[in-house]
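Scroll down for the structure; my scribbles are underneath it.
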2 protein chains.
Amino acid sequence: MPYTSLKKGRLADDVTNQIKEAIFGGKYQAGEKLPSEHELVELFGVSRVIIREAIRNLEQAGLVEIRRGPKGGAFIKSRNHTAVTQVVRDHFRLAKGTVKEIMEVRLEIEPIVAGLAAERATPGDLQLLKRNIDAQPQTPGRQTIEGNLDFHRLLARCAHNPIYEMIINILLDFSQELIINILPPGQILHDTTTHPELYRLIKDRDIQGAQTTMHSHLKDVIPLMRAAEEKSRESNRYPNSTS
Amino acid sequence: MPYTSLKKGRLADDVTNQIKEAIFGGKYQAGEKLPSEHELVELFGVSRVIIREAIRNLEQAGLVEIRRGPKGGAFIKSRNHTAVTQVVRDHFRLAKGTVKEIMEVRLEIEPIVAGLAAERATPGDLQLLKRNIDAQPQTPGRQTIEGNLDFHRLLARCAHNPIYEMIINILLDFSQELIINILPPGQILHDTTTHPELYRLIKDRDIQGAQTTMHSHLKDVIPLMRAAEEKSRESNRYPNSTS
DNA sequence: ATAATGTTATTTGTTATACATTTATATAGA
DNA sequence: TCTATATAAATGTATAACAAATAACATTAT
């Protein structure tokens with residue numbers, strides 16, 4: 001067969017990829033605006049439907065954010081993991097995943113990340129960690145939860161590896177969702193000692209110490225998560241399936 | 001403000017979520033077909049534009065696959081990680097990630113997974129592993145690469161944790177892409193001993209052994225991956241940025 | 001009969017046009 | 001100065017028509 005198949009895919013996908021490459025290539029910076037739909041129609045020579053579909057694809061990929069009205073349009077987003085989390089969440093629901101499985105992963109990976117943080121944290125990183133700890137209120141509440149989880153996110157940044165950072169962020173998104181929406185504030189874990197200790201270990205570049213401390217810290221969190229899952233199951237008595 | 005804001009988002013997102021819930025709730029099984037666009041228009045009482053956008057969202061999420069023509073439509077896909085990989089790939093490119101970072105993660109996580117596999121592999125799992133090993137050709141080539149990586153994917157399934165499975169699959173997709181597209185077949189690693197040994201260790205439930213063997217196995221792979229990245233950089237002399 | 005070919009109908013892909021909704025900005029009035 | 005209103009710019013939605021792909025059927029030729 002000397003002839004190559006020239007079956008072209010959908011126009012919108014083509015447009016999507018071209019704009020993606022432009023973004024990755026640095027043609028558009030975060031905060032900048034893509035041309036308006038009308039302008040893109042003329043640029044690409046396709047109909048508005050196609051352009052709109054391409055832009056929605058970019059939005060789903062978490063690359064742009066669409067605002068309406070004059071001065072509106074598709075604005076380039078800075079790097080964020082929301083789109084990844086969303087897709088993973090669907091995948092996870094389809095796989096009928098459980099908290100046990102999430103925590104099993106966190107229990108192994110977060111110590112590794114804590115170790116890398118102890119190895120690589122910059123002075124700026126340490127400052128962010130310290131600020132997080134100092135900002136923790138004395139009485140437990142919703143803010144406590146978010147602050148606690150943010151500490152873990154910051155730790156992932158300290159590891160200076162975007163893959164680890166992404167994995168951690170996804171797992172924490174799941175955890176946060178469960179805890180905040182399900183558990184009453186009184187029932188949350190209020191541990192004011194572990195994070196400061198982790199901070200100290202990282203500052204002292206104690207890799208082993210950071211790893212083991214994180215591991216035992218997470219072991220304490222597991223029953224809390226299981227409780228949240230239990231509550232979630234109670235309020236969500238699986239109403240579907242045959243509808 | 002006692003009244004909840006009833007600023008409703010976009011219609012398409014609403015439709016998307018409703019169909020998603022139907023899928024997660026088991027109303028549609030893998031392989032089944034959603035109603036046609038025309039039928040959905042009548043069901044939801046919105047225009048075809050909206051319905052099409054919703055279906056495209058589902059497609060981007062990896063939940064359905066669209067076929068044209070009579071008997072065509074949106075077919076429910078069985079669980080697969082392609083959508084996750086795609087979104088992560090974009091995220092990764094935006095973060096300007098490197099092979100070094102991918103391998104750093106694989107080097108730590110795959111041993112954990114191998115250990116879990118040794119702990120949990122069922123007789124059926126073991127059979128699949130054995131079949132993979134036996135199917136490996138004696139002469140190195142493209143099939144060798146795919147077979148090798150598939151062994152790792154199978155191992156992830158043996159761990160019986162969908163999160164680990166997903167993480168591994170993403171990392172392997174990246175690795176596969178690099179190696180297959182970049183490296184000439186002659187330059188690939190042709191190791192006929194490690195996978196059989198891993199298989200034996202898992203069958204014998206030797207958790208420690210599986211972990212350490214996997215770790216050293218991956219250490220051997222790293223230089224290969226770095227070489228692939230190097231070649232990739234050569235052929236891709238960053239033509240973009242000002243276009 | 002069978003294989004190649006043409007026809008038809010169904011479903012998604014694309015275009016065009018008009019109108020609705022949101023919202024930043026300018027304008028007018030108190 | 002402040003508030004209300006009008007204006008215009010951009011995305012959101014609806015409708016209608018046609019294009020293209022393709023499965024099933026009908027026709028023709030061998």
Side-chain angles (χ1 to χ4, degrees), chain A residues 1 3-20 22-23 28 31-77 83, chain B residues 1 3-20 22-23 28 31-77 83:
Chain A
M1 259 203 280
Y3 301 108
T4 62
S5 164
L6 34 88
K7 158 168 68 170
K8 53 197 165 195
R10 286 181 294 204
L11 289 178
D13 292 342
D14 191 2
V15 174
T16 305
N17 286 328
Q18 286 197 48
I19 300 180
K20 264 190 194 174
I23 294 174
Y28 298 106
E32 278 187 69
K33 189 172 86 74
L34 291 185
S36 71
E37 291 179 353
H38 180 66
E39 290 169 305
L40 288 172
V41 163
E42 303 212 325
L43 273 173
F44 283 97
V46 295
S47 75
R48 196 180 156 208
V49 177
I50 302 299
I51 295 297
R52 283 180 59 77
E53 189 179 323
I55 292 179
R56 302 315 256 280
N57 286 342
L58 296 173
E59 190 193 28
Q60 290 276 314
L63 295 175
V64 306
E65 172 196 353
I66 300 173
R67 293 203 283 269
R68 296 180 66 175
K71 305 285 183 179
F75 292 81
I76 310 293
K77 290 177 71 169
Chain B
M1 258 201 282
Y3 300 109
T4 62
S5 164
L6 17 105
K7 152 170 74 166
K8 50 197 166 197
R10 287 180 294 206
L11 288 178
D13 292 342
D14 192 3
V15 174
T16 304
N17 287 328
Q18 287 197 47
I19 300 180
K20 264 190 194 174
I23 294 174
Y28 299 106
E32 278 187 67
K33 188 172 87 72
L34 290 186
S36 71
E37 291 180 354
H38 180 66
E39 290 168 303
L40 288 172
V41 163
E42 303 212 327
L43 274 173
F44 283 96
V46 295
S47 75
R48 198 180 157 208
V49 180
I50 303 298
I51 294 297
R52 283 180 59 77
E53 188 180 323
I55 293 179
R56 303 312 256 281
N57 286 343
L58 295 173
E59 190 193 28
Q60 289 278 314
L63 295 175
V64 306
E65 173 194 354
I66 300 171
R67 293 203 282 269
R68 294 180 65 176
K71 304 285 181 182
F75 292 80
I76 310 293
K77 291 178 71 169

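Chain identifiers are assigned alphabetically (A, B, ...) following the order of the sequence lines, protein sequences preceding nucleic acid strands; residue numbering begins at 1 within each chain.
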TODO: Please report, rounded to the nearest Å, how far the P atom of C/dA16 is from the CD atom of A/Glu53.
DONE: 16 Å

Task: Nearest heavy atoms of A/Lys20 and A/Leu63, plus distance in Å - done: CG-CD1, 3.7 Å

Task: Option from B/Asn57, B/Leu40, B/Ile55, B/Ile51 for which side chain to side chain contact (heavy atoms under 4.5 Å, CB included) with B/Val15 holds - done: B/Ile51

- [ ] Take atom CD1 of B/Ile51 and atom C1' of C/dG13, then tell me their distance rounded to the nearest Å.
- [x] 16 Å

Open item on the list: What is the distance, to the nearest angstrom, from the CZ atom on A/Phe75 to the P atom on C/dT23?
Closed with: 13 Å

Open item on the list: Any carboxylate oxygen within less than 4.0 angstrom of a Lys/Arg side-chain nitrogen, looking at A/Glu65 and A/Lys77?
Closed with: no

Open item on the list: Whether A/Arg56 and A/Glu53 form a salt bridge (side-chain N of Lys/Arg under 4.0 Å from carboxylate O of Asp/Glu) is what I want to check.
Closed with: no

- [ ] Report yes if the side chains of B/Val49 and A/Val49 come closer than 4.5 Å at any heavy-atom pair, otherwise no.
- [x] no

TODO: Measure the distance from CD1 on A/Ile55 to C1' on D/dT13 and round it to the nearest whole Å.
DONE: 16 Å

Task: Residues within residues 64-71 of chain A bordering DNA chain D, heavy-atom distance below 4.0 Å - done: A/Ile66, A/Arg67, A/Arg68, A/Gly69, A/Pro70

TODO: Figure out the CD/C1' separation between B/Glu37 and D/dA17, and round it to whole Å.
DONE: 15 Å

Task: Length of the CZ-C1' vector between A/Arg52 and C/dG13, whole Å - done: 17 Å

- [ ] Please work out which residues in residues 42-50 of chain B have a non-hydrogen atom less than 4.0 Å from an atom of DNA chain D and list them by number.
- [x] B/Val46, B/Ser47, B/Arg48, B/Val49, B/Ile50

Task: Atom-pair distance (NZ on B/Lys33; P on C/dT11), nearest Å - done: 6 Å

- [ ] Would you name the heavy atoms of B/Gly31 and B/Phe75 that are closest together and state the gap between them?
- [x] O-CD2, 3.5 Å

Open item on the list: Any non-hydrogen side-chain atom of A/Pro35 less than 4.5 Å from a side-chain atom of A/Leu43?
Closed with: yes

Task: Carboxylate-amine/guanidinium contact A/Arg10 B/Glu59, below 4.0 Å - done: yes

- [ ] Would you mind reading off the distance between A/Leu11 atom CG and C/dA16 atom C1', rounded to a whole angstrom?
- [x] 15 Å

- [ ] Would you check if B/Phe44 and B/Ile50 make a side-chain contact, meaning some heavy-atom pair closer than 4.5 Å?
- [x] no

